Amino acid sequence: MRQRSTVFAALTTTIAICLAGCGQPAAEQAPPRDRDLTASTVVPPADPAVSWAAGYCDAVTHLVRALAALPAVDPSTPQKASRTSSDLLSSVVGGLDQSLAGLKALGAPPSPSADTGRKDVIAQFAGIRAEAENARRRIEAARGNAAATKDALGQARATLDRIDALDYLKGIKDVPALAAAEQRAPACRRLDQPAG
């Protein structure tokens, strides 16, 4: 997840230039080798904390993927800067919508204190989503008006800066039982890895 700082640095620099200028598939079980065995293998039930943490991280992954695949902003003309910035913000809104849907659909956490963290992240995502959509609409409405476009691009940059400052895993890292579970959930480990 550390690569997002580089992505946002490039994006915010591009916007600054514009401002200056104007699931994995389920594994199949292999059949037992010896069909004459009478004892069956008992599979331990999944740890509810690990399952919940994995669901949380899967939901957040939608935003991370959207951010990793953001379209480039073309600052060559004010019109192109507006259009490509609008496209970028649409991608951000789409990623936030998917992550919000996943976080809201997540069942009750195994630890009641975890729900506070999840609700905080939902509130942050929803607030940033509203800002991004508002900035996108302002950019669309400002096309052809250099001063309004510059102001709308400034709002877009502020929204991107807010996303860059997010700690996506805060909702589970602040709960000791889930912090330990997060280390055992592959989806969470992938989110927490620095870019190589």
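We count residues from 1, following the sequence as given. In this text the structure is predicted, and so the values were computed from the model without any measurement.
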All side-chain hydrogen bond (donor to acceptor under 3.5 Å, both in side chains) counterparts of Glu140, not counting sequence neighbours
Ser86, Arg143

Leu153 side chain near Val73 side chain, heavy-atom distance below 4.5 Å
no

Show every disulfide bond (SG atoms under 2.5 Å apart) that has at least one partner inside residues 60-106, sequence neighbours left out.
none

Of the non-hydrogen atoms in Gly102 and Ala59, which two are nearest, and what is the gap between them?
C-CB, 3.6 Å

Other residues, nucleotides and ligands only: do more than 12 of their heavy atoms fall within 6.0 Å of CZ on Arg184?
yes

Run Asn134 and Thr159 through side chain to side chain contact (heavy atoms under 4.5 Å, CB included) and show every step you take.
CA-CA 10 Å; Asn134 185 37; Thr159 300; over 6 Å; no

Please report the closest heavy-atom contact between Asp47 and Ala49, naming both atoms and the distance.
OD1-N, 2.9 Å

Can you pull out every disulfide bond (SG atoms under 2.5 Å apart) where at least one residue sits in residues 106-174? Sequence neighbours excluded, please.
none

Out of curiosity, does Leu106 fall in the hydrophobic cluster containing Val50 (side-chain heavy atoms, cut-off under 4.5 Å, transitive links)?
no

Going by the rule salt bridge (Lys or Arg N to Asp or Glu O under 4.0 Å), which residues pair with Glu131 if we only count those two or more places apart in sequence or in a different chain?
Arg162

Which salt bridge (charged side-chain N to carboxylate O under 4.0 Å, His left out) pairs, counting each pair once, include a residue from residues 102-121, with sequence neighbours left out?
Asp115-Arg118, Asp115-Lys119

With sequence neighbours excluded, tell me which residues meet side-chain hydrogen bond (donor to acceptor under 3.5 Å, both in side chains) with Ser111.
Ser113

Do Ile128 and Leu166 come close enough that some side-chain heavy atom pair is under 4.5 Å?
yes

Applying salt bridge (Lys or Arg N to Asp or Glu O under 4.0 Å), name anything that partners Arg136, two or more places apart in sequence or on another chain.
Glu133

Identify all side-chain donor-acceptor contacts of residues 91-98 below 3.5 Å with residues at least two apart in sequence or on another chain.
| from | atom 1 | to | atom 2 | distance (Å) |
| --- | --- | --- | --- | --- |
| Ser91 | OG | Asp87 | O | 3.3 |
| Asp97 | OD1 | Arg129 | NE | 2.5 |
| Asp97 | OD2 | Arg129 | NH2 | 3.4 |

Can you name the residues that form a side-chain hydrogen bond (donor to acceptor under 3.5 Å, both in side chains) with Gln155, not counting sequence neighbours?
Arg138

Run the numbers on Ile122 and Leu100 for side chain to side chain contact (heavy atoms under 4.5 Å, CB included), then give the verdict.
CA-CA 6 Å; Ile122 287 172; Leu100 282 166; 3.9 Å; yes

Indicate the atoms forming the closest heavy-atom contact of Ser76 with Asp74, along with that distance.
OG-OD1, 2.7 Å

So disulfide bond (SG atoms under 2.5 Å apart) across residues 51-152, not counting sequence neighbours, yields Cys57-Cys188

For Ser82 and Ile139, which heavy atoms make the closest approach, and how far apart are they?
O-CG2, 3.2 Å

Tell me the disulfide bond (SG atoms under 2.5 Å apart) pairs involving residues 66-142, sequence neighbours left out?
none

Give me each pair satisfying side chain to side chain donor-acceptor pair (under 3.5 Å) with a member in residues 49-60, each pair once, sequence neighbours excluded.
none

Just how far is it from atom CG of Leu67 to atom CG of Asp164, taken to the nearest 0.5 Å?
9.0 Å

Walk me through whether Leu169 and Asp167 qualify under side chain to side chain contact (heavy atoms under 4.5 Å, CB included).
CA-CA 6 Å; Leu169 298 177; Asp167 180 357; 4.1 Å; yes

Could you state the interatomic distance from CZ (Phe125) to CG (Leu63), rounded to the nearest 0.5 Å?
5.0 Å

